[in-house]
Amino acid sequence: MPGTILPSLPSNQQRSAHHLPHTGIAGQSEGTFDTANPPYIRKYLRTYGLTPPRAESYETQKTRCLAQLALKQTAIDKYLYLSTIRKNNVHLFYRLITDHIRELTPLIYTPVVGEACQRWSEIYQQPEGMYLSYEDKGNIAAVISNWPQPTVEITVITDGSRILGLGDLGINGMGIPIGKLALYTACAGIRPEATLPLTLDLGTGNKTLREDPLYLGSRRDKVSPEEEQEFLDELMAALTERWPGIVIQFEDFKNPFPALERYRHRYTSFNDDIQGTGAVILGGVMNAVKRSGVPPKDQRAVFLGAGSAGVGVAKQIVDYFVREGLTEDEAKACFYLVDTKGLVTADRGDRLADHKVYFARKDNNGQQFKTLEETIDHVKPTMLMGLSTLGGVFTPEILKKMAQWNEQPIIFPLSNPSSQSECDLEAAITHTDGRALFASGSPFLPVTFTNSAGETKIHYGGQGNNMYVFPGIGLGTILSKSVEVTDSMIFASGEALAHCMTSEELARGLLYPDITRIRDVSVVVARHVIRAAQEAKVDRETGIHGLSDADLDAWIRTRMYSPHSEVASLEREVGALLSSIGRPFPNGNSYFANGLEEDKHAKL
Ligand SMILES: NC(=O)C1=CN([C@@H]2O[C@H](COP(=O)(O)OP(=O)(O)OC[C@H]3O[C@@H](n4cnc5c(N)ncnc54)[C@H](OP(=O)(O)O)[C@@H]3O)[C@@H](O)[C@H]2O)C=CC1
Ligand SMILES: CC(=O)C(=O)O
Ligand SMILES: [Mg+2]
C-alpha cells in the first residue's frame, strides 16, 4: 500500500524495552523465552533458536513444572525453583500461580517467604528488584533511573526492620516486596513489568546479620529516625518524578506511623501493615460478629500486640462499630490492647508510644494487668486477636476459657509466618469444642473434628491476611488515578471483602472468600475502592464516573493482566503489524524479525 503511513515496527531497542531480554530482574523477561510462543513470534522477538523447537501448550508446560516442583525436597528449594521460573518465563510463572493459588501462594508468600528472608543472603542467586543504600542519599533519582522498565505503576518498599514476625532482617527482607508484588500480579492483574520491589539498606540492628560474612547489606547500624526520614523524603520525590502517579506501598517497617502521616496526603501511598491489615481483618470481623450473634455493643476485644498491625486493625473495627450505631467512645471502650508491659493503660507509668495513646484504658481504677492471662481474666473477651509475633502464646488454657465465656469465640491469631502464629487451627478447634470462629495470618490445613455432642465436621480456617485486600486497593487506586489513598478507600476495601461471600462459602462456615476466587474478589474490592475515591474526589479517571457496577467491573477486568492471554496478545500484535505492511499472516516459518523491519522500509 504505497503512501500509507504505517505504524512503526519496534526497533531493536524498543522491542527489547517492551519484551526485555533475559536480565534476571523479576518480571522483566516478558515472555521472551516462553516455550508456548509459536515460531513466528520467536522470530519477531529474536529468540528463535534460543529455546527448544517445540511450541508447547500450557498443559504440557504445567505438567513439567509441577513434576519438577514435586521433586524439590525442601520448601526453600521449591521457593527457588518458582523464582527461577518467574525469571525465565514470567507468564508461565503467573499461569501456574493463578491456576494453583491455594497450593502455590504459601510457597511464594507466607509462610515460606519468611524462611527465604531469613536466609536471603545465603540462598541469593539472581538480581530481583532494586536495593537503595543510605550511601545513595543525594543521588537516589540517579540510582532509580537504572531501573530498566520505562513504566512502573506500583512499588512495595521495605527497610527490612520488621519482617513478618521475624524481626529485623535488614536487606534480607527483599523477599517481602517481591512476594507482595507477585500477588499484585497474580491476584489483581497488575502487569509484572509495572511492579518495582524496593528494599532500603538503611543499616540493621541485627548484629548476627552484620557479622555474617554472606550478608549482602551494609554493616552499618540502623540509621536514626531523622536520617531515615530525610532519605524517605528524597526517595518519595524521586519515585514520583520518574513515574508520576506511582502507588507506593510501605511494608514491614518497625515503626511506620510517622511515614504514613507524613506522606499519605502528599503521595499516592499507603501502609499495608496498618491499613491493609486493618481492612482485611475488618472484613473477617464483620462476618464473624454476625455469625457470633453478639452485637458490637457487647463485644469485648483483647488484642495481644499494640504495634502497627494491632492498632491498625483495632481502629478499623472502631470505625465499623461506629457505623453500627455506637459512639466513638463506646466503640473504643470495646478494645483492650496488650503489649510487652501488659494492658495499655493511661496510668501505667511508662511513656506510651503515640500510636497507643488512643486505646489507653482509663477505667482500670489504678489496677495494672501485667500479662495476657491477667488481662483476659479481667475482660472475659468475646474476641481474641494476636498481632504480637509470639508463636503459640494462645495456650490451651486461654482457648478453653474463651470457649467457656462464649458460644462462638472469635479467635484470630494473625502473626506470620506460621511459626509465629499465636495458635494453629487445630488447637483453636480442639480447645473450643469446635466452636471457634477462626482466622490466621498464614494458612492452615482444614481440621476434621468430632465435638462433645458427637458431631463430626471439617473446619476451614480463614486466612486473615492483607493479601485479600492490598491487590484490590492497588488496582483500584491505579485505575482511578487517585492522588491519595483515603481512609474511606481503605474501609471500602474491607467492607467489600465482607460482602463478597457466596452462599456456599457462608454455608461452609468461612469468614473469607475461597482463595481460588481471589481475582474476582480483587475486582469487587477495586470497584469499591474506585467508588470511594470518586466520592472523596481524589480520583482523576473521570471517564468512568457514570458506569454501573457491572460495567465498572467489566472495565476493570479488561485492564487486568491475564497470563493466559499473553501468547494470543502477542499473536494479535504481530498479526496487526504484518497486515499493516500488507503481508499475509505467516505460516509459522517464513519471517525473521529483521525481515519484518526490512520489509517495512521497503514499503515506505
Ligand atoms: N495477618 C496479616 O495480614 C498481618 C499480620 N501481621 C503480623 O502481626 C505481627 C505484628 O506486626 P506489627 O504490629 O507490625 O509489629 P510491631 O512490632 O509494630 O508490634 C508488635 C507488638 O507486639 C507486642 N509484643 C511483642 N512481644 C510481646 C510480648 N512478649 N508480650 C506482649 N506483647 C508483645 C509489642 O509490644 P511493644 O509495643 O511493647 O513492643 C508490639 O505492640 C507480625 O507477626 C506480623 O507478621 C502484620 C501485618 C499483617
Ligand atoms: C502479612 C504481612 O503483611 C505481615 O505479616 O507483615
Ligand atoms: Mg507486612
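Values in this document were obtained by computation on a predicted structure and should not be read as measured data. Counting convention: from 1, in listed order, for ligands and their atoms alike. When a residue number appears, it is its place in the shown sequence, counting from 1.
- With a heavy-atom cut-off of 4.0 Å, T110 does not touch ligand 2 at all.
- Between atom 31 (C) of ligand 1 and the options D339, V338, L387, T110, the minimum heavy-atom separation is to D339.
- Of all the listed residues (R162, E422, K254), K254 holds the heavy atom that lies closest to atom 17 (O) of ligand 1.
- The minimum heavy-atom distance between M383 and V285, with the atom names listed, is CE-CG1, 4.0 Å.
- Atom 1 (C) of ligand 2 has as its closest protein heavy atom N416 ND2, 3.3 Å.
- Residue K180 has at least one N or O atom closer than 3.5 Å to an N or O atom of ligand 2.
- Shortest non-hydrogen contact noted between V525 and I473 is CG1-N, 4.0 Å.
- Ligand 2 does not have M467 within reach: every non-hydrogen atom of the residue lies 4.0 Å or more from it.
- If you look at I281 next to ligand 1, there are no close heavy atoms at all, none under 4.0 Å.
- The residue M467 has no part lying near ligand 1, judged by heavy-atom distances below 4.0 Å.
- Computed with the Mg ion (ligand 3) at the centre, the D273 OD1 to D252 OD1 angle is 100°, stated to 10 degrees.
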Taking only distance into account, with no hydrogens and no angle test, what donor-acceptor pairs under 3.5 Å do side-chain atoms of residues 308-322 form with protein atoms, sequence neighbours excluded?
none

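- Set against the non-hydrogen atoms of D252, the atoms of ligand 2 under 4.0 Å away are 6 (O).
- Among all protein heavy atoms, the one lying closest to atom 28 (C) of ligand 1 is L390 CD1, 3.2 Å.
- In this structure, F470 does not count as a contact residue of ligand 2, since none of its heavy atoms falls inside 4.0 Å of the ligand.
- Between atom 25 (C) of ligand 1 and the options A309, S388, S440, S419, the minimum heavy-atom separation is to S388.
- The ligand atoms of ligand 1 that sit less than 4.0 angstrom from a heavy atom of G441 are 1 (N).
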